[in-house]
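Scroll down for the structure; my scribbles are underneath it.
Any value given below was found using the heavy atoms of this structure, including those in side chains, with hydrogens, waters and symmetry copies removed. Everything quoted here is computed from the prediction, not taken from an experiment. Position 1 is the first residue of the sequence, and the numbers go up from there. Whatever order the structure lists them in is the order used to number ligands and atoms, beginning at 1.
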Amino acid sequence: MFECDYKDGTWSNPTIKPFGPLSISPAAKVFHYGQAVFEGMKAYKDDNGKIWLFRPEDNFNRINKSSLRLAIPEFPKDFFFEGLETMLQLDNNWIKPGLGNSLYIRPFVIATQSGVSASPSEEYKFMILFSPAQAYYTGDVKVVIAEHYSRSADGGVGAAKAAGNYAAQFYPTNLAKEKGFHQVIWTDSNEHNYLEEAGTMNVFFRINDTLITAPISDRILDGITRRSVIALAKRDKISVEERRISISEIIEASNNGTLKEVFGSVTAAVISPVSDYSYKGDVYHLPKCPEGFAARFKKELTEIQYNLTEDEFGWRYLVE
Ligand SMILES: *Cc1c(COP(=O)(O)O)cnc(C)c1O
């Protein structure tokens with residue numbers, strides 16, 4: 001694991017050491033006030049043993065954006081990349097080649113200063129952990145559209161990858177699971193009328209041949225997979241609309257057969273097709289779409305990530 005501490009106004013002593021427990025004061029602010037942000041990225045290995053990252057600068061920029069919102073000091077870019085790349089070289093054997101195999105990378109920052117006064121910590125720990133991952137088939141994702149609970153609100157922390165955003169999602173997601181669903185589609189917190197994200201994924205709707213997704217705001221996480229799907233779609237002259245999308249629009253499109261696909265986008269699962277969604281007790285089913293946008297973007301993104309195709313956008317990053 002990679003570890004670097006913030007003290008007396010600077011980040012210093014970046015260190016790589018074997019994975020193991022930390023010794024932290026039980027009064028550390030992270031435990032009491034939740035000052036914690038994280039990132040999720042992956043390393044891929046091609047058939048020649050080369051290690052690749054996918055748009056890692058975007059992850060670096062985003063963790064600092066999240067940190068800013070949580071009053072955590074920014075982490076220096078050279079420490080981030082040097083730490084990450086050195087650790088990838090050391091753990092090279094944990095990255096298996098072959099489509100679907102990857103190394104999941106979890107950078108995060110926690111407030112370590114001891115003291116239960118409600119003020120931002122003056123000490124932090126930045127860390128990176130690795131975990132080998134395999135592609136998993138998410139199966140048919142069944143979602144419930146939120147009528148009561150919210151993931152984020154205007155002016156809140158929804159756009160930050162803050163640990164607490166996940167904690168707040170667990171309870172409503174458990175309620176959905178008790179009813180046989182997997183995830184909640186979050187709606188706007190004012191009216192619960194507009195569709196925003198699916199669980200911990202950005203969400204896309206395909207009506208006829210138009211792709212629609214919620215616009216980035218302070219309620220929506222600016223996903224790198226989302227951004228990449230939009231770029232691929234635009235390149236292929238698929239019409240993409242980043243705009244508010246209402247529940248009634250989706251239900252109407254379901255009823256008249258124009259809603260072709262709904263899918264989530266996130267680094268861990270790449271693209272996750274939704275098979276059913278529920279609203280006010282009614283369940284709407286989406287027919288399978290094996291040749292659809294979801295399958296196509298998943299294939300295209302994966303091929304870029306594993307160095308199996310040309311990288312016309314310059315998204316791949318070689319670890320040397
Ligand atoms: C991380 C995350 C995403 C997806 O971001 P990617 O960069 O595509 O992995 C979407 N929504 C939420 C709430 C997230 O935390």
Extract all N/O-N/O pairs under 3.5 Å that connect ligand 1 to the protein, and present each with both atom names and the distance rounded to 0.1 Å.
unit_1: ligand 1; atom_1: 7 (O); unit_2: R62; atom_2: NH1; d: 2.8
unit_1: ligand 1; atom_1: 7 (O); unit_2: R62; atom_2: NH2; d: 3.1
unit_1: ligand 1; atom_1: 7 (O); unit_2: I224; atom_2: N; d: 2.8
unit_1: ligand 1; atom_1: 8 (O); unit_2: I224; atom_2: N; d: 3.3
unit_1: ligand 1; atom_1: 8 (O); unit_2: T225; atom_2: N; d: 2.9
unit_1: ligand 1; atom_1: 8 (O); unit_2: T225; atom_2: OG1; d: 2.6
unit_1: ligand 1; atom_1: 9 (O); unit_2: T267; atom_2: N; d: 2.9
unit_1: ligand 1; atom_1: 9 (O); unit_2: T267; atom_2: OG1; d: 2.6
unit_1: ligand 1; atom_1: 11 (N); unit_2: E197; atom_2: OE1; d: 2.6
unit_1: ligand 1; atom_1: 11 (N); unit_2: T200; atom_2: O; d: 3.3
unit_1: ligand 1; atom_1: 15 (O); unit_2: K161; atom_2: NZ; d: 2.7
unit_1: ligand 1; atom_1: 15 (O); unit_2: Y166; atom_2: OH; d: 2.5

**Message:** Test of understanding: with side chain to side chain donor-acceptor pair (under 3.5 Å), list the residues that count as partners of E303, not counting sequence neighbours.
**Reply:** K299
**Asked** Between F75 and W11, does the ring centroid distance fall short of 6.0 Å?
**Response** yes
**Request:** Fit a plane to each ring of F313 and W315, take the angle between them on a 0 to 90° scale, and name the class: parallel (under 30°), tilted (30 to 60°) or perpendicular (over 60°).
**Result:** parallel
**Message:** Check this for me, if you would: do R219 and D154 make a salt bridge, where the nitrogen-to-carboxylate-oxygen distance has to be below 4.0 angstrom?
**Reply:** yes
**Message:** Can you confirm whether or not the ring centre of F38 sits under 6.0 Å from the ring centre of Y166?
**Reply:** yes
**Asked** Centres of the Y317 and F81 rings: under 6.0 Å?
**Response** yes
